[in-house]
Each structure stands twice: as C-alpha cells, then as structure tokens.
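Let me begin by presenting the structure, written as structure tokens, before commenting on it.
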Amino acid sequence: MRILVISLFTLNVFCMTFNEAINILEKHESIDSIKYKSKALGEQADLKGSWGDPMFKIAAKNFPKDSLERDQTPMTGIEFGLSQKISLTTKYGVMANAFDSLSKAYEYEADDKKQALTKGLWDILIFKRKITEELDILKENDAWISKILKVSKRLYSTGKTSQQALLDIQIRKSEIERELINKKYELESLDDRLHYLIGTSNIETNSIPWTILNEVSKNVNDNRELSLKEKLKAKDFSLSASKLNYIPDVTVSVGYTKRSDIDGNGDFLGASLSFPLPFSGEKYSKHAQAVNEKVEAVKRYENYKKEKKRDIAILQKDIRMLLSELDIISKKTIKFAMNSREITAKSYGLGNSSYVELLQSELKLQKILMHKVMLEATRDIKRATLKYVKGEPLI
C-alpha cells in the first residue's frame with residue numbers, strides 16, 4: 001500500500017521539458033490517423049495505375065448434349081484462353097499520379113496537424129502563465145488588504161473609523177479570496193487539457209522557449225498551402241485522365257482449343273480484340289465532373305491565399321496595438337496606480353483618507369495589473385497564431 005501511494009505521488013508530480021512534450025505530440029493519435037490515410041492513398045495509387053490482372057479461361061466447347069463425348073464432332077474440344085486489358089493511352093499512369101499527389105497532400109496535412117497541436121500547447125502554456133501571474137497579483141493584494149484590515153481594526157478601536165468601513169474592507173478581502181479560488185479552478189481545468197495533450201499537466205517552466213514567439217523565422221513552411229497545392233495537382237491529373245478516357249481500352253484475347261482431331265486438322269488457335277463503344281454519356285459526365293472539381297480546387301486554393309494575407313495583416317496590426325498599450329501601462333499607468341495606493345494607504349492610516357478612497361485605489365491597481373497580464377497573454381496568443389498562419393516553426 002505504501003509503495004502504491006508513492007507510485008501515485010510520483011505520477012502526479014511527473015514533469016517533462018517542452019521538447020519532450022513536442023516529441024509526444026508527434027505521436028498523437030490525430031496525427032497518426034492522417035498519416036495512415038496518406039499511406040492508404042499511396043497504395044491506392046498503385047491500384048489505379050494497374051491495367052489489372054490477365055484473365056485465364058477454360059471452356060468446354062460444342063459437346064453433344066446427349067452423349068457429351070468429345071470425339072463425336074470435329075468442333076468439340078477444350079479451350080484454354082488468356083485475355084488482358086490494354087490501355088492505348090497513359091491514363092492509368094496519370095490516375096496513379098493523381099493519387100500520389102493526394103497521398104502527399106495528406107502528408108502535409110499530418111505536418112499541419114502537428115503544427116496545430118503545437119500551437120494548442122502554446123495556447124495552454126500562455127493561459128497557465130496568465131493565471132499564475134493573476135494568482136500572484138491576488139495573493140499580494142490579499143496580503144496587502146490583510147494589513148489594511150489590521151490598521152482598520154486599530155482605527156475602529158480608537159473611534160477613528162466606522163464599523164461600516166471595517167465591514168466593507170472585510171467584504172473586499174472575501175472577494176479577493178473568492179477570486180483566488182476561481183483562478184485555482186481555472187488552472188486545474190487547463191491542467192486537464194494539458195494532460196490530454198501530452199499525458200502530464202507539468203512542464204518545466206525553465207524549459208519553455210518564450211523567445212520563440214517574438215522571433216521572425218526565415219524557415220517558412222506552410223503545410224496547409226502545400227496540401228492544397230497537392231490536391232490541386234491531383235485534380236489536374238484527374239482531368240487529364242478523364243480526357244484520355246475518351247480513347248477506350250482494348251481487351252486482347254488468345255485461345256487454344258484441344259480437339260480429338262477426328263478430321264485430321266489438329267488443334268485450333270483463336271484470337272480476339274474487343275473494346276467498348278462510346279454510346280453512353282458516362283465518359284462525358286466523368287470529364288465534366290473532373291472539370292468542375294478542378295475549378296473548385298483552384299478557387300479553394302486562391303481563397304486560402306487571400307484569407308492568409310488578410311489574417312497576417314490583421315494579426316500584425318493587433319500585435320502592434322497591444323504592444324503600444326502595454327508600453328503605456330508598464331511605463332506609466334502601473335507606476336501611478338501603485339503610488340496612488342501607497343499614498344492613500346498612508347493617509348488612511350493617519351485618519352486623513354476615507355476607506356472608500358482606499359478601496360478604490362486598491363481595486364484600481366488590481367484591475368490595471370490584471371489588464372496588463374491579459375494583454376500580455378493576448379499578445380503571445382496572437383504571436384503564436386501569426387507564426388502558425390505564416391507557416392513559421394513554433395519549436
């Protein structure tokens with residue numbers, strides 16, 4: 001029992017580095033499923049590029065129905081036949097190329113899924129950092145309000161403040177305690193999301209490469225765009241194959257008939273050539289379908305490039321706006337709010353300021369500090385999103 005408790009405790013506190021977490025993401029089920037889809041399409045390419053197996057036939061020919069004897073007529077015999085479908089064009093090779101392109105498209109989708117999961121990991125880590133910093137703010141505020149509460153009790157005992165002031169400060173302290181509890185539950189929820197992603201809720205803080213989010217990488221590899229390109233190429237191959245499909249395949253057959261030779265002419269040889277006549281609308285419908293699918297793939301690819309350009313421009317503007325606001329808050333607003341709270345607290349201790357002014361200054365500082373933490377988290381989320389949209393690495 002003791003060993004079990006120790007084992008559970010060890011699993012609970014198991015911690016990994018950021019790079020170890022990335023290695024685990026590479027084996028995620030959602031990525032593997034796409035990889036197997038790619039492999040299946042690769043095998044299908046070999047299938048589509050094949051003419052098919054030759055057909056072997058054994059036939060009993062012209063046996064008299066009454067006796068079923070093979071030496072009653074010169075036309076009676078056993079035929080051995082071999083037939084093979086032969087393409088007069090390269091359409092099967094083109095169809096194989098189409099599925100090869102689809103296979104590559106899903107390879108890129110698997111890489112994009114890994115990138116998306118990595119971005120999801122960053123989102124969780126950023127929010128965990130945000131909540132941890134908010135907890136620090138609330139803990140500091142709780143300690144500060146506890147000191148003020150002691151001062152208020154002293155002032156109340158000397159008649160320099162009212163019972164209402166004491167109650168309002170106690171109410172404010174309970175509000176901070178409530179916020180602390182809520183933040184801890186939020187942190188536990190993020191831990192659950194992280195555990196689903198990598199199997200643990202603990203990543204070594206020092207191993208997280210936060211500077212990556214602020215770097216501009218020249219190693220750009222947009223897997224979503226590459227996947228759309230390969231899908232477009234596949235539709236192009238399919239259209240070419242549908243054009244070649246107007247020329248029908250031919251089936252060549254040869255046969256050897258073993259006879260009883262009652263007429264002295266020996267065994268018979270035979271050969272045939274067959275092909276379908278294009279009377280139905282099947283080939284025309286398939287070609288029209290291929291044309292529409294090619295146009296759809298072109299439009300989807302063009303729209304993706306426009307959306308990507310738009311998203312990059314919006315994200316870059318949002319980041320610049322957040323940086324400007326953070327600069328003002330960090331250099332000016334927080335300093336002013338902290339000075340205001342300190343001055344008001346001293347004045348309140350001397351009985352020169354009201355408890356309402358004190359609580360207002362405390363609440364104002366907390367809101368500003370919380371807003372700063374929120375802005376920093378939003379900035380980094382947008383930075384991670386920008387890198388993902390551009391196709392830059394997140395590791």
Side-chain angles (χ1 to χ4, degrees), residues 15-28 30-31 34 108-135 183 186-187 189-228 304-327 329-330 370-395:
C15 197
M16 67 172 61
T17 65
F18 180 83
N19 288 336
E20 288 172 340
I22 294 299
N23 290 334
I24 288 176
L25 284 182
E26 290 180 355
K27 302 171 185 176
H28 198 271
S30 59
I31 297 176
I34 301 173
Y108 289 126
E109 279 196 19
D111 291 337
D112 177 62
K113 186 64 177 180
K114 177 188 170 185
Q115 186 80 338
L117 288 175
T118 304
K119 183 194 172 298
L121 175 62
W122 273 111
D123 289 349
I124 294 172
L125 294 176
I126 290 166
F127 281 120
K128 281 196 71 172
R129 185 193 65 187
K130 170 181 174 287
I131 294 174
T132 302
E133 290 176 353
E134 288 173 340
L135 280 169
K183 291 297 175 185
E186 287 181 37
L187 200 57
S189 177
L190 286 172
D191 285 342
D192 290 337
R193 290 174 57 189
L194 191 58
H195 193 277
Y196 160 76
L197 206 57
I198 60 173
T200 181
S201 57
N202 296 310
I203 290 184
E204 293 179 13
T205 306
N206 295 335
S207 71
I208 302 173
W210 294 107
T211 54
I212 285 178
L213 298 178
N214 199 29
E215 295 172 355
V216 178
S217 175
K218 294 181 180 179
N219 183 22
V220 177
N221 197 24
D222 187 351
N223 292 302
R224 282 167 298 161
E225 183 173 352
L226 292 171
S227 176
L228 287 173
Y304 172 77
K305 290 195 293 184
K306 289 179 181 178
E307 285 184 343
K308 178 180 176 180
K309 186 177 180 180
R310 176 205 64 194
D311 292 344
I312 289 173
I314 291 173
L315 285 166
Q316 287 174 336
K317 288 176 183 175
D318 288 346
I319 291 170
R320 287 198 296 269
M321 179 187 69
L322 289 164
L323 289 173
S324 298
E325 189 173 354
L326 276 168
D327 186 60
I329 288 177
S330 300
M370 291 289 204
H371 187 61
K372 176 179 177 289
V373 170
M374 184 273 292
L375 289 176
E376 288 173 339
T378 306
R379 175 202 63 195
D380 286 347
I381 289 289
K382 288 186 179 293
R383 280 175 172 173
T385 304
L386 178 61
K387 291 179 79 68
Y388 173 67
V389 170
K390 291 169 70 175
E392 294 182 12
L394 282 163
I395 54 176

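A quick note: this is a predicted structure, and the numbers were derived from the prediction, not measured. Throughout, numbering of the chain's residues begins at 1 and tracks the sequence.
Counting non-hydrogen atoms of other residues, nucleotides and ligands closer than 6.0 Å to CG of D192 gives a total above 12.
Nearest heavy-atom pair across R224 and Y388 is NH2-O, 3.0 Å. Here the closest non-hydrogen pair linking G120 and L197 is C-CD2, 4.3 Å. The minimum heavy-atom distance between L322 and K382, with the atom names listed, is CD1-CD, 3.9 Å. Pairing each heavy atom of K128 with each of L190, the nearest pair is N-CD1, 3.7 Å. Minimum interatomic distance between T211 and E215 (heavy atoms only, all atoms of both residues): O-CG, 3.2 Å. The two residues S207 and T17 make their nearest non-hydrogen contact at OG-CA, 3.5 Å.
The distance from the CG atom of N202 to the CE atom of M16 is 9.0 Å, given to the nearest 0.5 Å. To the nearest 0.5 angstrom, E20 atom CD is 11.5 Å from I22 atom CD1. Put simply, CG on L226 and CG on D112 are 10.0 Å apart, with the number rounded to the nearest 0.5 Å. Rounded to the nearest 0.5 Å, atoms CD1 (I381) and CG (L213) are 9.0 Å apart. From I319, atom CD1 reaches atom CG of L386 across 5.0 Å, with rounding to the nearest 0.5 Å. Rounded to the nearest 0.5 Å, atoms OG1 (T385) and CD1 (I314) are 12.5 Å apart.
E307 is linked by a salt bridge (charged side-chain N to carboxylate O under 4.0 Å, His left out) to nothing, counting only residues two or more places apart in sequence or in another chain. Under the ring-ring contact (aromatic ring centres under 6.0 Å, His included) criterion, F18 pairs with W122, sequence neighbours left out. Evaluation of the salt bridge (charged side-chain N to carboxylate O under 4.0 Å, His left out) rule for K183 yields E134, E186 as partners, not counting sequence neighbours.
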Can you list the steps and then say if K114 with E26 is a salt bridge (charged side-chain N to carboxylate O under 4.0 Å, His left out)? CA-CA 6 Å; K114 177 188 170 185; E26 290 180 355; 2.6 Å; yes

Apply side-chain contact (heavy atoms from CB on, under 4.5 Å) to I212 and K387, showing your working. CA-CA 10 Å; I212 285 178; K387 291 179 79 68; 4.0 Å; yes

Apply side-chain contact (heavy atoms from CB on, under 4.5 Å) to residues K113 and H28 and explain how you reach the verdict. CA-CA 10 Å; K113 186 64 177 180; H28 198 271; 5.9 Å; no

side-chain contact (heavy atoms from CB on, under 4.5 Å) between L121 and L394, worked out: CA-CA 10 Å; L121 175 62; L394 282 163; over 6 Å; no

Going through the checks in order, is the side-chain contact (heavy atoms from CB on, under 4.5 Å) test met by I126 and T378? CA-CA 9 Å; I126 290 166; T378 306; over 6 Å; no

What do the steps show when you test D380 against R383 for salt bridge (charged side-chain N to carboxylate O under 4.0 Å, His left out), and what is the final call? CA-CA 5 Å; D380 286 347; R383 280 175 172 173; 3.5 Å; yes

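Between the side chain of S227 and the backbone N or O of N223 there is no donor-acceptor pair closer than 3.5 Å. No donor-acceptor pair closer than 3.5 Å links the side chain of E133 to the backbone N or O of M374.
Residues I198 and L25 have side chains in contact (heavy-atom distance under 4.5 Å, counting atoms from C-beta outward). Residues T132 and T205 fail the side-chain proximity criterion, which asks for heavy atoms closer than 4.5 Å.
Between K372 and E376, at least one side-chain N (NZ, or NE/NH1/NH2) sits under 4.0 Å from a carboxylate O, which counts as a salt bridge.
Counted by atom type alone, Y108 and D222 present zero donor-acceptor pairs between their side chains at under 3.5 Å.
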